[in-house]
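Below is one structure, written out as structure tokens; comments come after it.
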Amino acid sequence: MITAAKRLDGIGEYYFSQKLREIDALNKAGKNVINLGIGSPDLPPHPEVIKVLQEESIKPNVHAYQGYKGVPALRNAFAQWYKTWYNVDLDPDSELLPLIGSKEGIMHICMTYLNEGDRVLVPNPGYPTYRSAAKLAGGICTEYELTEEKNWFPDFDQLEELVYKEPSPLRLMFINYPHMPTGKLPTKELFEKIVAFGKKHNVLICHDNPYSFILNDTPMSLLSIEGSKDTVIELNSLSKAQNMAGWRVGLLCGSKERIDEILRFKSNMDSGMFLPVQLAAAKALTLGKEWYRDLNSVYTRRREIVFRLLELLGCRFDKSQAGMFVWASINADYKNGYDLSDEILNKAGVFITPGGIFGSAGEQYIRISLCSNEQRLEESIARIKDVIRK
Ligand SMILES: Cc1ncc(COP(=O)(O)O)c(C=O)c1O
């Protein structure tokens, strides 16, 4: 009998891959579901970015394997991007590593730093991949709870207790601001406390930072905190703010030592990205203020419609959220976010993500994506109006 390895015990199929199959089946049955779940931008990258890909990919000499660390044009563009937008100095030769999307970086980091049984602090609610990658690498997840009462910031007293909660050592902590799914923005004070916590306990802090440009005028990097390179590595991505989710371009940055350690693992997993993709990504990193302004004006208009949709559902929400989702607390008519999500999918043919998939602390919440156009969002409102519990 063929069986999967034990490391997959307790690791389910990713929620969205399962849900998309269900939505597919409903569509085949003629339902025309509006999917307000996943955060995959529906808009294209800048035309100049696509032009670089086209012009480069026609050339005969660009199709070979690429080096493991990315070409200088991309490395320099990433370093310049960090300087321009985050005021962070990165040595393009040694302090950054292009990734095939930031999601793979989460796995590489876990495989590089976790021994069997080592503990990892993960946010609840938080991006589910931190948990699954840590488990796949043999780690044990200790959740730190984020609550509305504490402004979706970690409770540092609780964190101190969690450091010594179990006998096995705490090696790694994932944090992510602007936070997904709550849309909470960071403050400098929060970032300073996180860096101090990492240094005090000798814990590697991995800051996952894919949303800093969306509905936010002041992008921040955890690496902007003085002395942070001793304890921090940061992931970034072109998936969201450059509309390049399918291209799979991400970034890991931090000290030379950390980059070299992670490269030891990653270079055994894959090879460098297709050269024209790297060159087009470098172009995307040079886009100026106008690009982000135009992108955010689209998301601002969509968000206004989503606010109306949430009011219709009787939800409560904070209007100052960043990122490409709106997070909202459900009203008491529904048992939890799953209850609301199932009912709206089955009765109105609109899919909304239940907050519980991000952890137990998200159960009374839902998350709506801004990656649908205004017409689809208005249509969702019309459909939901007809079926809403009175
Ligand atoms: C918090 C968070 N981190 C990382 C990712 C992965 O992004 P990428 O496309 O760069 O792999 C996502 C994607 O949804 C995300 O929400």
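Remember, it's 1-based here, ligands and their atoms both numbered in the order they're listed.
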Side-chain polar contacts of residues 107-115 - donor-acceptor pairs under 3.5 angstrom, sequence neighbours left out - could you list them?
unit_1, atom_1, unit_2, atom_2, d
His108, NE2, Glu104, OE1, 2.9
Thr112, OG1, His108, O, 2.6
Tyr113, OH, Arg258, NE, 3.4
Tyr113, OH, Glu261, OE1, 2.5

Handout entry: pair Phe307-Phe317: side-chain heavy atoms closer than 4.5 Å
Key = yes

Is there any protein N/O under 3.5 Å from an N/O of ligand 1, and what does the full list of such pairs look like?
unit_1, atom_1, unit_2, atom_2, d
ligand 1, 3 (N), Asp208, OD2, 2.5
ligand 1, 7 (O), Ser102, OG, 3.3
ligand 1, 9 (O), Ser239, OG, 2.6
ligand 1, 9 (O), Arg248, NH1, 2.8
ligand 1, 10 (O), Ser102, N, 2.8
ligand 1, 10 (O), Ser102, OG, 2.7
ligand 1, 10 (O), Ser237, OG, 2.7
ligand 1, 10 (O), Ser239, OG, 3.4
ligand 1, 11 (O), Ser102, N, 3.2
ligand 1, 11 (O), Lys103, N, 2.8
ligand 1, 11 (O), Arg248, NH2, 2.8
ligand 1, 14 (O), Lys240, NZ, 2.9
ligand 1, 16 (O), Tyr211, OH, 2.7

Practice task
Answer yes or no: does atom NZ of Lys283 have more than 12 heavy-atom neighbours from other residues, nucleotides or ligands under 6.0 Å?
Solution key: no

Handout entry: Any residue meeting ring-ring contact (aromatic ring centres under 6.0 Å, His included) with Tyr65, in chain and number order, not counting sequence neighbours
Key = none

Show which side-chain atoms of residues 2-10 pair as donor or acceptor with protein atoms under 3.5 Å away, not counting sequence neighbours.
none

Practice task
Kindly check if the number of other-residue, nucleotide or ligand heavy atoms within 6.0 Å of NZ (Lys31) is above 12?
Solution key: yes

